[in-house]
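Inspection log for the structure reproduced underneath, given as structure tokens.
Every value quoted in this text rests on a predicted model; they were computed, and no experiment measured them.
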Amino acid sequence: MPLAQFLKDELIKLDVSCDSRYDVFDLMYEEAFKRGYVSESFLPKIKEREEMFPTGLNLDKYSIAIPHTDPECVFEQFIGVITLKEPVLFQLMDDKSKEVEVKVILMLGLNEPHSQLAILQKIMQIVQDEETYEKISAAKNCKEIHQLFNKLETA
């Protein structure tokens with residue numbers, strides 16, 4: 001299952017300004033909801049899940065977040081790609097008492113539990129590669145993100 005098929009141009013937000021992780025969630029929810037990708041409960045559920053099970057990952061030289069929520073909130077599957085002008089704080093996945101500054105967020109809207117694990121594994125391979133992180137972070141448009149995900153799939 002190629003990850004690139006889940007990319008939606010309207011959910012690729014590059015070099016945007018957000019003051020907090022909640023602003024990121026609001027931005028993505030508004031776009032996804034108005035297109036019918038998610039239910040009204042998506043926003044409160046993703047915020048609630050983030051509080052209970054944080055999604056910040058601290059890798060060697062950078063940090064990333066992979067927020068997601070319950071499948072029943074998602075009508076059409078997607079991967080949202082957000083890069084920020086300035087980092088926002090996310091609690092660490094493995095220690096919610098600590099926070100990391102995050103500039104790249106991959107928001108997952110998945111509704112097929114059987115494929116969720118496979119997609120998460122592919123996402124983890126992507127985010128653990130510093131060169132890929134740098135390319136996502138430096139992308140200037142949706143086309144570059146699509147090309148990068150397509151290239152990763154064929155590698």
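- For the ring-ring contact (aromatic ring centres under 6.0 Å, His included) test, residues two or more places apart in sequence or in another chain that qualify with Phe33 are Tyr29.
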Assess whether side chain to side chain contact (heavy atoms under 4.5 Å, CB included) is satisfied between Glu130 and Asp60, documenting all intermediate values.
CA-CA 9 Å; Glu130 186 176 353; Asp60 282 339; 5.9 Å; no
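- Looking at every heavy atom in both residues, Arg21 comes nearest to Leu89 through NH1-O, 2.9 Å.
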Leu43 vs Phe25, side chain to side chain contact (heavy atoms under 4.5 Å, CB included): CA-CA, chis, key distance, verdict
CA-CA 7 Å; Leu43 184 60; Phe25 299 157; 3.9 Å; yes
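- Salt bridge annotation for Arg35-Glu31: present, with a cationic side-chain nitrogen under 4.0 angstrom from a carboxylate oxygen.
- Counted by atom type alone, Glu86 and Ser17 present zero donor-acceptor pairs between their side chains at under 3.5 Å.
- One distance of note links CZ of Phe78 with OH of Tyr37; it measures 9.0 Å at 0.5 Å rounding.
- Counting only heavy atoms from C-beta outward, the side chains of Glu30 and Leu27 never approach each other to under 4.5 Å.
- Taken to the nearest 0.5 Å, the CD1 atom of Ile136 stands 5.5 Å off from the CG atom of Leu148.
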Would you list the atom pairs, donor with acceptor, under 3.5 Å between side chains in residues 63-75 and any protein atom, with sequence neighbours excluded?
residue : atom : partner : partner atom : Å
Ser63   : OG   : Asn58   : OD1          : 3.2
His68   : ND1  : Ile66   : O            : 2.8
His68   : NE2  : Arg49   : NH2          : 3.3
Thr69   : OG1  : Lys45   : O            : 3.4

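- Atom CG in Leu106 sits 7.5 Å away from atom CD1 in Ile126 (nearest 0.5 Å).
- Every residue two or more places apart in sequence or in another chain was checked for a salt bridge (charged side-chain N to carboxylate O under 4.0 Å, His left out) with Asp23, and none qualifies.
- Contact record, Leu110 with Gln77: CA-OE1, 3.5 Å, taken as the closest heavy-atom pair.
- Interatomic distance, Ile105 CD1 to Met28 CE, rounded to the nearest 0.5 Å: 9.0 Å.
- The two residues Leu14 and Cys142 come nearest to each other via the heavy atoms CD1-N, 4.2 Å.
- Contacts of Tyr62 classified as ring-ring contact (aromatic ring centres under 6.0 Å, His included), with partners at least two apart in sequence or in another chain: Tyr133.
- The minimum heavy-atom distance linking Asp19 with Val88 is given by the pair C-CG1, 3.8 Å.
- Side chain of Thr83 to main chain of Val104: no donor-acceptor pair is present (N/O by atom type, distance under 3.5 Å, no hydrogens or angles).
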Carefully, step by step, assess Thr55 and Glu50 under the rule side chain to side chain contact (heavy atoms under 4.5 Å, CB included).
CA-CA 7 Å; Thr55 59; Glu50 189 69 29; 2.8 Å; yes
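- Among residue pairs with one or both ends in residues 133-145, those qualifying as salt bridge (Lys or Arg N to Asp or Glu O under 4.0 Å) are Glu131-Lys135; sequence neighbours excluded.
- The shortest distance between side-chain heavy atoms of Lys13 and Val81 does not fall below 4.5 Å.
- Contact detail for Lys8 and Glu76: the closest heavy-atom pair is NZ-OE2, 2.6 Å.
- To the nearest 0.5 angstrom, Leu57 atom CG is 4.0 Å from Met93 atom CE.
- Cluster annotation: Ile119 is not connected to Phe53 through the hydrophobic network of ILVMFWY side chains, with a link wherever side-chain heavy atoms come within less than 4.5 Å.
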Using the rule given for side chain to side chain contact (heavy atoms under 4.5 Å, CB included), can you reason through Ile46 versus Val38, listing the C-alpha separation, both sets of side-chain angles and the distance that settles it, and then say yes or no?
CA-CA 11 Å; Ile46 201 160; Val38 299; over 6 Å; no
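- Taking all atoms of both residues into account, the shortest heavy-atom contact from Leu108 to Leu120 is CD1-CD2, 3.4 Å.
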Side-chain donor/acceptor pairs under 3.5 Å, residues 96-103, sequence neighbours excluded:
residue : atom : partner : partner atom : Å
Lys96   : NZ   : Glu51   : O            : 2.9
Ser97   : OG   : Asp95   : OD1          : 2.5
Lys103  : NZ   : Lys85   : O            : 3.3

